[in-house]
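First the structure, which I've put down as structure tokens, then a few questions once you've had a look.
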Amino acid sequence: MRQEIQERCIMLARHILTTGDTVRQAAQCYGLSKSSVHKDVHERLRLVHPGLFQEVQAVMTFHHQVRHIRGGAATRERWRKLREKQ
């Protein structure tokens, strides 16, 4: 694996740990695709830095567990804005 990809994996992992961002938020912050961020954090990081991988997995697991709640809140907000326009 190229050195720059290894550094990107570690940079993304540290960003996610400090900010608690989701994969989409981290991708938007660094101008990458969410697929690239996901692959860096879930596959490549395991080989590059196993200890950091375990910490990031805890954050990612939390996001996975609450995504249905966030989706419902976003839908509720969308409908609320539509009602206010009318």
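What you see is a predicted model; the values in this text were computed from it and never measured.
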Review point. Where do E84 and K81 land on the salt bridge (Lys or Arg N to Asp or Glu O under 4.0 Å) test, with the steps shown first?
Key: CA-CA 5 Å; E84 285 179 356; K81 286 182 181 180; over 6 Å; no
Item checked: Check: Q65 main-chain N/O paired with H68 side-chain donor or acceptor under 3.5 Å -> yes
Query raised in the report: With hydrophobic residues grouped by side-chain heavy-atom distances under 4.5 Å, do L17 and F62 end up in a single group?
Result: no
All heavy atoms of M11 vs all of Y30, minimum pair found to be SD-CE2, 3.6 Å
Note: F53 and H42 closest approach over all heavy atoms is CE1-O, 3.5 Å
* To do: Using modelled atom types only, decide if a donor and an acceptor are shared between the side chain of H49 and the backbone of Q6 within a distance under 3.5 Å.
  => no
Quiz item: V59 and I69: same hydrophobic cluster, using ILVMFWY side-chain contacts below 4.5 Å?
Solution: no
When rounded to the nearest 0.5 Å, the distance separating CG of L45 from CG of L12 is 9.0 Å
All heavy atoms of A26 vs all of V37, minimum pair found to be CB-CG1, 4.3 Å
Value for CZ (R46) from CG (L52), rounded to nearest 0.5 Å, stands at 13.5 Å
Note to self: Under the criterion side-chain contact (heavy atoms from CB on, under 4.5 Å), I'd like the reasoning laid out for E43 against H38: C-alpha separation, chi angles, the key distance, then a yes or no.
What the structure shows: CA-CA 8 Å; E43 294 177 17; H38 188 270; 5.7 Å; no
Sorted by chain and residue number, the side chain to side chain contact (heavy atoms under 4.5 Å, CB included) partners of Q25 (sequence neighbours excluded) come out as D21, T22
Output for pair (H64 NE2, M60 CE), nearest 0.5 Å, gives 12.0 Å
d(T75 OG1, R80 CZ) to nearest 0.5 Å is 13.5 Å
Run the salt-bridge test on E4 and R8 with the 4.0 Å N-O cut-off and return the result as yes or no. no
Note to self: Between V23 and V41, does the side-chain contact (heavy atoms from CB on, under 4.5 Å) criterion hold? Intermediate values first, please.
What the structure shows: CA-CA 9 Å; V23 170; V41 172; 5.8 Å; no
